[in-house]
Amino acid sequence: MTSADPALAAAGGRPDTQWSPRLSGTLVVLCAAMFLDALDVSMVGVALPSIGADLHLSTSTLQWVVSGYVLGYGGLLLLGGRAADLLGRRRVFLVALAVFAGASLLGGLVDDGALLIAARFLKGVSAAFTAPAGLSIITTTFAEGPARNRALSIYTTCGASGFSLGLVLSGLLTSAGWRWTFLMPVPVALLALAFAIRLLPRQAAPERAKGGYDVAGAVTGTGALLLLVFTLTEAQGAGWASLRTLGSLAVVAALTTAFLLIESRTAHPLVRLGIFRNGGVARANLTAFTLFGSYAGFQFITTLYLQRLLGWSALEMAFGLLPAGALVALSATRMGAIIDRFGTGRLLPIGVLALTAGYASFLRLGEHSGFVTLVLPSMVLLGIGFALAFPSVNINATSGVADEEQGLASGLVNTAFQVGSAIVLAITTAVITAGSAGGDSPQAQLDGYRPALLLVTGIAALGLLVTLIGAAVERRARPAASVPDYRYGPAAGVEAGTAAEAGAGRKELSEL
């Protein structure tokens, strides 16, 4: 279990009651950075046709405007989380946020496709450091329980809002010019940086000699993730059965094997494999993989369907997808109280069920489907699902983890999000291409979209199964533990007894 950082008391905050203005301001700064990180994942999507026309980019080159960000973000998250633990969370967060602002400005000013892709990659790298650093600052500042649940629900809901509203804002900004999709984050990032310098709590210098640097693990682990994301994004063009794709996957397997061997033998690993003996952490990461992966695939299908088949404009898409983003954003201030009342163990399955139902509802798509009959019901279900599931899975992924490994836990769950997005999106694209058989007629397009939607729905259903199994396992284990389990609300756990009983309870939970 983790406890509140001494900075909490210094800032005048009380773990379970009212927060001081300084502490609230700290949370706002971290939420702003998380919002921007998530926003950039999806905001460029609607702008791609305009970017391609203006910079004369081919379709194969244009995909790297999206893939470049995912490559940097997904490939370096583990390294970013470990860097936050070893170099200091505040320092890593400030430097990465400054880089994010500079890369955003560069992306909005360049007139060359290669420079634009480089700027996107650099933004992804910076997000790979701000995301785990920001999340671990929260989990080491707020005491585990109601205070942390409230903070994390606000923080992660801001991330979900950024991701959900990305297409909406992209549609609005692209109407004024695609460059605004890159320039808009610049003043927000600079403002957040200015306040972060003043508000983020200063921490004692990390004990570097004690923590150690796992260089071999960083090289093999980061290399495996980078190559995996690269291979999956390129597989559609090169061919899934091509020598290039199969060879790359073989190298990924070799690097992954080397990484696991190194981590199991080194004294100070980049990823302590024992963290996955915490059943809640392991299941939260698997759920995160299916949650973000299924949504990335669904978002891609929806964008193609609404623009290509139904002929929606960028502005129409912005307003059509608004209900989901609005529901997530409006729930931000209330989710903490809801989680305290019902617990993430109950809310997470409900949220994933709503997402699965939203995808399944969209299977009714046709050549002349309308907003009210098809799009609106799915958007409402997705908004409810993300509002419940996204903060819950982040809370579960960092619960029961020691302070010195909060950066690792944060990096792991964010890596699960991004790698899930890359893998499912690549498979979804392949299914659409195979189903449509290269045809452009409405029926050929539908023949590609429907099996892809079935895939997305199946992946979400797998995530639902994981959450249900987790809920059942943890409910059986809870009576044997003598410590409160905040994942099930304040009334679910038993008050702490003797020190020996508490230690036994923690040991049993960690071995799930």
Between the side chains of T344 and N396, is a donor N or O closer than 3.5 angstrom to an acceptor N or O? yes

L365 to R450 - nearest heavy-atom pair and separation: O-NH2, 2.9 Å

Intermediate values then yes/no, side chain to side chain donor-acceptor pair (under 3.5 Å), S248 and T245: CA-CA 5 Å; S248 294; T245 300; over 6 Å; no

Kindly indicate whether the side chain of Q445, heavy atoms from C-beta on, has any atom under 4.5 Å from the side chain of E367. no

For residues F276 and A282, report the shortest heavy-atom separation together with the two atoms involved. O-CB, 3.7 Å

Looking at side-chain heavy atoms only, is the closest gap between Y305 and L374 below 4.5 Å? yes

In terms of heavy-atom contacts, G80 and P132 come closest through C-CG, 3.8 Å

Treating R346 as the side-chain partner and F342 as the backbone partner, does any N or O pair qualify as donor plus acceptor under 3.5 Å? yes

Beyond-backbone contact of T174 with T181, side-chain heavy atoms, under 4.5 angstrom: yes

Closest non-hydrogen atom pair between S294 and V456, with its separation: O-CG1, 3.2 Å

Step through the shown structure and confirm whether more than 12 heavy atoms of other residues, nucleotides or ligands are within 6.0 Å of CZ on R364. yes

Can you tell me how far CG of L116 sits from CZ of R120, rounded to the nearest 0.5 angstrom? 8.0 Å

Would you say the side chain of V125 lies within less than 4.5 Å of the side chain of V99, judging by non-hydrogen atoms? no

Can you tell me if L273 has over 12 outside heavy atoms packed within less than 6.0 Å of its CG? yes

With rounding to the nearest 0.5 angstrom, report the OH to CZ distance, Y73 to F417. 9.0 Å

Heavy atoms, side chains only, cut-off 4.5 Å: are P377 and F362 in contact? no

Looking just at side-chain N and O atoms, do T139 and S136 make a donor-acceptor pair shorter than 3.5 Å? no

To the nearest 0.5 Å, atom CZ of R272 lies from atom OG of S264 at 13.5 Å

For G320 and M379 the tightest heavy-atom approach is O-CG, 3.7 Å

Going from CG on L249 to CZ on R244, what distance comes out if it is rounded to the nearest 0.5 angstrom? 11.5 Å

Could you tell me which non-hydrogen atom of Y69 sits nearest to which non-hydrogen atom of A127, and how far apart they are? OH-CB, 3.5 Å

Indicate yes or no: at least one non-hydrogen side-chain atom of F93 is less than 4.5 angstrom from one of L30. yes

Going by side chain to side chain donor-acceptor pair (under 3.5 Å), name the residues that satisfy it together with S104, two or more places apart in sequence or in a different chain. K123

Specify whether W312 and F371 have parallel, tilted or perpendicular ring planes, treating 30° as the upper limit for parallel and 60° as the lower limit for perpendicular. tilted

If you define the side chain from C-beta out and look only at heavy atoms, does anything of T398 sit under 4.5 Å from L152? yes

With a 4.5 Å heavy-atom cut-off, do L57 and I51 have their side chains touching? yes

I395 side, atom CD1; L348 side, atom CG - distance, nearest 0.5 Å: 10.0 Å

Pair F182, D40 - check side-chain contact (heavy atoms from CB on, under 4.5 Å), show working. CA-CA 9 Å; F182 292 86; D40 245 73; 5.7 Å; no

Classify the ring geometry of F386 against F390: parallel below 30°, tilted from 30° to 60°, perpendicular beyond 60°. tilted

Test log, rule side-chain contact (heavy atoms from CB on, under 4.5 Å), inputs L246 and W240: CA-CA 7 Å; L246 295 177; W240 287 90; over 6 Å; no

Evaluate the ring planes of F298 and Y295, with Trp represented by its six-membered ring, and classify them as parallel (under 30°), tilted (30 to 60°) or perpendicular (over 60°). tilted

Derivation of the side-chain contact (heavy atoms from CB on, under 4.5 Å) call for S126 and L97: CA-CA 7 Å; S126 65; L97 187 57; over 6 Å; no

What's the separation between atom CG in L464 and atom CD1 in I350, rounded to the nearest 0.5 Å? 10.5 Å

Report the C-alpha separation of Y359 and S378 in whole Å, then their side-chain angles, then the decisive distance to 0.1 Å, and conclude whether the side-chain contact (heavy atoms from CB on, under 4.5 Å) test is met. CA-CA 7 Å; Y359 303 147; S378 289; over 6 Å; no

